[in-house]
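Let me begin by presenting the structure, written as structure tokens, before commenting on it.
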Amino acid sequence: MNGDEPLTSSEKQMVVKSSKGRGGRWERANFKIVLSYHGGSFDGWQKQPDLNTVQGLVEKHLGQFVDERKAKQLQDRSLPIEGCATVAGRTDKGVTALQQVCSFYTWRKDVQPSDIKDSINEAAPDKIKSLVVSEVSREFHPNFSAKWRRYLYIFPLDEDAKSMLGDEQSSTILENPEYNVAPQSFDVAKVDKIIRQLEGKMLSYKIFARDTQASRSAGPATECFMFHSRAAVTKLCSADENCKEATKVMCVELVANRFLRKMVRVLVATAIREAAAGADEDALLNLMEATCRRATAPPAPAEGLCLVDVGYEDFNEQRCFIVD
């Protein structure tokens, strides 16, 4: 296999398994692409007409690697010649990703991982960057092969937030009328105790989801296993070299096998609300039995959310930011 990143043991098993006497679609070259992008620069991941999305930009620059047959099919239908990128998980407008994972396949044999990496990195410098591109087994799927996803929510706790987030984003988080929770009104230690109750449990998070399809609003489709759920206070410094003072923030770190639509943002907002109200530590667990989503808080602003990484090996808590 060619690539800039060594394969994980599970991916190596896929390579061996898929190379034994298989032809047809198994002969396609499949590439794993690890991306980093700034959420405020895009209208989310999913491609939509007349919007600047991550998927739209990536697929446009993958078009040059599409095989001749696919290119002709697109031309015959008067469609632009673009690649097809499958992603580990779609992010909403405003959500940043440090290590998002997507994949792309082609029948062409002359495409190198470095070609794909360079093409994406030329697309929008300072807004999106291809960190690693590697050729993997055809069986690899960025979503279905993933064992866990890790998110980090950053909530500014003082007026210095503007130095880190900028006027517009800090005011969105601190002054959102729907959110209506001042940073000084809750104890981060209380948020941590409340959110830790989710750890190590397989639960239905349907009450914490938003904008989900009817088929994903009940039963096993709503169940998620939370490997890690913690909150802590830390200080972050602006990327500006002239930044002399760090900004005090609360970080909420969540790792689960999967997340429902807007689930992280609703969990964070609800945990803060319950902490501010002096609720018991099992407040989130008690809300699992609610029948109306109005029992939970509106989603916290997207600007504070970051997809940290996606894992294809068993989860190891030592890789987390917040540990005991």
Side-chain angles (χ1 to χ4, degrees), residues 89 95-96 98-99 146-158 173 179-210 220 222-236 247-290 293 295-302 304-311 313-324:
V95 178
T96 290
L98 296 183
Q99 295 185 56
K147 293 188 175 182
W148 50 265
R149 286 96 169 150
R150 178 162 55 139
Y151 279 92
L152 192 69
Y153 195 93
I154 301 174
F155 188 95
L157 296 175
D158 56 33
I173 294 176
Y179 205 43
N180 197 28
V181 177
Q184 296 79 12
S185 68
F186 65 90
D187 180 10
V188 175
K190 180 70 172 181
V191 174
D192 181 55
K193 290 179 180 179
I194 289 175
I195 214 156
R196 279 184 185 232
Q197 301 306 309
L198 306 177
E199 202 169 284
K201 299 181 178 71
M202 174 72 81
L203 299 167
S204 171
Y205 285 86
K206 62 182 180 180
I207 200 68
F208 294 96
R210 295 292 186 273
T222 69
E223 296 175 356
C224 309
F225 183 85
M226 193 71 70
F227 291 102
H228 179 87
S229 50
R230 307 287 173 89
V233 176
T234 188
K235 289 189 176 182
L236 299 181
T247 300
K248 185 179 178 182
V249 300
M250 176 182 71
C251 288
V252 177
E253 185 176 29
L254 300 176
V255 184
N257 63 331
R258 62 179 173 178
F259 289 93
L260 308 181
R261 183 85 187 274
K262 298 184 180 180
M263 170 180 152
V264 175
R265 292 162 55 195
V266 175
L267 277 174
V268 170
T270 306
I272 292 175
R273 185 194 70 184
E274 296 301 308
D280 293 335
E281 294 177 11
D282 58 356
L284 296 182
L285 295 177
N286 292 335
L287 284 170
M288 299 287 181
E289 304 302 322
R293 287 174 174 170
T296 57
L305 185 59
C306 177
L307 170 62
V308 178
D309 52 6
V310 182
E313 295 283 285
D314 290 340
F315 171 68
N316 182 354
E317 190 175 44
Q318 294 307 308
R319 71 182 295 129
C320 291
F321 298 126
I322 307 174
V323 293
D324 293 331

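Numbers for residues simply follow the sequence, beginning at 1.
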Would you say the side-chain atoms of [X] pair up with the backbone N or O of [Y], donor to acceptor, closer than 3.5 Å?
X    : Y    : value
R293 : A209 : yes
R258 : E223 : yes
D309 : Q99  : no
T270 : A297 : yes
H228 : V323 : no

Got a second to check how far [X]'s [atom1] is from [Y]'s [atom2], nearest 0.5 Å?
X    : Y    : atom1 : atom2 : result
I272 : I194 : CD1   : CD1   : 10.0 Å
M250 : T234 : CE    : OG1   : 12.5 Å
M226 : I195 : CE    : CD1   : 7.0 Å
I207 : M263 : CD1   : CE    : 13.0 Å
I322 : E317 : CD1   : CD    : 10.5 Å
S185 : R273 : OG    : CZ    : 12.5 Å

Can you tell if the side chain of [X] reaches within under 4.5 Å of the side chain of [Y], non-hydrogen atoms only?
X    : Y    : value
R230 : C320 : no
F186 : L157 : yes
K201 : M288 : no
F227 : R150 : no

Exercise. If you measure from the Lys or Arg side-chain nitrogens to the Asp or Glu carboxylate oxygens, is any gap between E313 and R319 under 4.0 Å?
Worked result: no
Exercise. Charged N to carboxylate O below 4.0 Å: is that the case for K190 and E274?
Worked result: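 Judged by the 4.0 Å cut-off on N to carboxylate O distance, K190 and E274 do not form a salt bridge.
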For [X] versus [Y], what's the shortest heavy-atom pair and its separation?
X    : Y    : answer
D192 : A231 : OD1-N, 2.9 Å
C251 : I154 : SG-CG1, 4.2 Å
L254 : F259 : O-CZ, 3.8 Å
Q197 : K193 : NE2-O, 3.2 Å
A300 : A269 : N-CB, 3.8 Å
N257 : F225 : OD1-N, 2.7 Å

Problem set entry | Geometric cation-pi criterion, R265 with Y151: 6.0 Å, 45° |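 Because its charged atom misses either the 6.0 Å distance or the 45° angle limit, R265 does not stack over Y151.
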Problem set entry | L98: partners by side chain to side chain contact (heavy atoms under 4.5 Å, CB included), with sequence neighbours left out |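 Here the qualifying residues are C306, V308.
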Problem set entry | Residues forming a side chain to side chain contact (heavy atoms under 4.5 Å, CB included) with D282, sequence neighbours excluded | D280, L285, N286
Problem set entry | Partners passing salt bridge (charged side-chain N to carboxylate O under 4.0 Å, His left out) against R210 (at least two apart in sequence or in another chain) |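 For R210 there are no salt bridge (charged side-chain N to carboxylate O under 4.0 Å, His left out) partners, ignoring immediate neighbours.
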For this session: Just say parallel, tilted or perpendicular for the rings of Y205 and F208, cut-offs at 30° and 60°.
Result: tilted
